[in-house]
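Note sheet for the following structure.
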There are 2 protein chains.
Amino acid sequence: MRPLYHPALEDITVQGLLYAMSDPIRVRICAELAQAEGTMNCAAFLPNGKTKIPKSTLSQHFKILREAGLIRSERKGVELKNSSRCPELRKKYGPMLTEILQAYANEGKESKR
Amino acid sequence: MRPLYHPALEDITVQGLLYAMSDPIRVRICAELAQAEGTMNCAAFLPNGKTKIPKSTLSQHFKILREAGLIRSERKGVELKNSSRCPELRKKYGPMLTEILQAYANEGKESKR
DNA sequence: TCCACTTGTTCTATATTCCCGAACTATTGA
DNA sequence: TCAATAGTTCGGGAATATAGAACAAGTGGA
């Protein structure tokens, strides 16, 4: 198993961030982690009732989020502790990420009405 | 030639917007149009010196931007008048788009240093 | 120590999407 | 009517995404 790559703050690109966030599964992961204020393992997103996402697919999504710079993952025994890099990113990009997550959140609310 | 489809403001999704903006060519188009305050035809992006983009590719990019809701295109004789929908989008999403375009613009500046 | 179990990654095949040249449509102006 | 211009559509090869299967690595109990 190769080590987990995390880009330095200055190597993160807007393009990478937006691409990573242009997928509903990834943005959900991103939003949950940003709210969590702590860490979550990957499997936490698997048995979410409604959507059965194969774990190989999930693994890819986490990799994309990680390499885009949106999340940080540390191996802790057999599992992965994922945390949001949004606080760092806010220093570089200001309220951009917050606005995007907010927009997604509002959209979710509307569709439930 | 089928008519140009433009989503209504309420049918525009964050996912569609972010996907459309996760491509360097499209975001450049988007940024130029947003700044232009007027309209531009597609061909204006073709002979931009450095990058030679085939027009079939450009046509696809404009279509994606249009169907994501980022731009509006009207046939005017043989050409297309493209304009930014950012003002409308700001009403729906607040400063999100502005923040994203700003972030791209800053990135451009940094890379030139 | 051995082994079953859990979490996540890698491999591989299929499916989907993207890119770009070529052919095409539609409009204008000579 | 015909050539020129601006975009679109089509088709095939390249790149990407998805998901099942095999694998790797750590944990804990017998």
Side-chain angles (χ1 to χ4, degrees), chain A residues 1-6 13 15-30 32-33 36 38-48 50-68 70-83, chain B residues 1-6 13 15-30 32-33 36 38-48 50-68 70-83:
Chain A
M1 253 176 216
R2 48 185 88 145
L4 301 166
Y5 168 71
H6 293 91
T13 65
Q15 191 184 327
L17 292 177
L18 295 198
Y19 172 71
M21 298 188 82
S22 71
D23 176 279
I25 294 169
R26 289 197 292 264
V27 93
R28 228 183 68 203
I29 294 171
C30 208
E32 286 191 38
L33 277 176
T39 62
M40 297 179 82
N41 64 350
C42 301
F45 295 94
L46 265 169
N48 225 341
K50 43 223 168 190
T51 43
K52 276 260 182 184
I53 307 153
K55 60 181 186 167
S56 59
T57 305
L58 256 194
S59 178
Q60 289 299 327
H61 284 314
F62 273 92
K63 187 181 177 198
I64 288 170
L65 288 172
R66 189 161 54 238
E67 302 194 342
L70 277 162
I71 68 171
R72 190 176 290 284
S73 315
E74 295 171 88
R75 278 195 220 291
K76 199 81 180 185
V78 72
E79 62 184 40
L80 229 53
K81 298 284 190 183
N82 296 293
S83 56
Chain B
M1 255 177 218
R2 49 185 87 145
L4 301 166
Y5 168 71
H6 293 90
T13 66
Q15 190 184 328
L17 292 177
L18 294 197
Y19 172 72
M21 298 188 83
S22 71
D23 176 279
I25 296 169
R26 288 196 295 262
V27 93
R28 226 183 69 204
I29 294 170
C30 208
E32 287 191 39
L33 276 177
T39 63
M40 297 179 80
N41 63 348
C42 301
F45 295 91
L46 265 167
N48 225 342
K50 43 223 168 191
T51 44
K52 276 264 182 179
I53 307 153
K55 61 179 187 167
S56 58
T57 305
L58 257 195
S59 177
Q60 290 299 328
H61 284 315
F62 273 91
K63 187 182 177 196
I64 288 169
L65 289 171
R66 190 162 54 236
E67 301 194 343
L70 277 163
I71 67 171
R72 189 178 290 286
S73 315
E74 295 170 88
R75 279 196 220 290
K76 198 81 181 183
V78 72
E79 64 184 39
L80 230 52
K81 298 285 188 183
N82 296 292
S83 55

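Bear in mind that the values here come from a model prediction, so they are computed numbers and not experimental data. The chains referred to below are lettered A, B, ... by the order of the sequence lines, with proteins before strands, and numbering in each begins at 1.
Geometrically, A/R26 does not engage A/F62 in a cation-pi contact defined by less than 6.0 Å to the ring centre and at most 45° from the axis.
Remark: P of D/dT9 and CZ of B/F62 are 15 Å apart, rounded to the nearest angstrom. One interatomic measurement links the two molecules: CD1 of A/I64 to C1' of C/dT9, which rounds to 14 Å at whole-angstrom precision. Distance CG (A/D23) to C1' (D/dT18): 11 Å, rounded to an integer number of Å. As a whole-Å value, the separation of A/N41 CG from D/dA25 P is 20 Å. Taking atom NZ of A/K76 as the reference point, atom P of D/dT27 lies 11 Å away to the nearest angstrom. Look at CG on A/L4: it is 18 Å from P on D/dA24, rounded to the nearest Å. Rounded to whole angstrom, the span from the NZ atom of A/K63 across to the C1' atom of C/dT7 amounts to 17 Å. The CD atom of A/E79 sits 11 Å away from the P atom of D/dG28 (whole-angstrom rounding).
Contact between B/C42 and B/L58 at its shortest, heavy atoms only, is O-CD1, 3.8 Å.
Expressed to the nearest 0.5 Å, how far CG of B/L4 lies from CZ of B/R75 amounts to 4.5 Å.
The base of C/dG21 is paired with the side chain of B/S56 by a donor and an acceptor separated by under 3.5 Å.
Side chain of B/K55, nearest nucleotide from D/dT8, D/dG20, D/dA17: D/dT8.
Taking side-chain N and O atoms only, A/T57 has a distance below 4.0 Å to OP1 or OP2 of D/dA19. Note on A/R66: a side-chain N or O is less than 4.0 Å away from OP1 or OP2 of C/dT9.
Along DNA chain C, the nucleotide closest to A/Q60 and the one closest to A/V78 are compared, and the more 5′ of them pairs with A/V78.
No side-chain donor-acceptor contact under 3.5 Å links A/N82 and A/T39. At a cut-off of 3.5 Å, with distance as the only test, no side-chain donor of B/S83 or B/R72 sits close to an acceptor on the other residue.
Among the protein residues, B/R26 comes within range of no part of the nucleic acid, since none of its heavy atoms lies under 4.0 Å from any strand.
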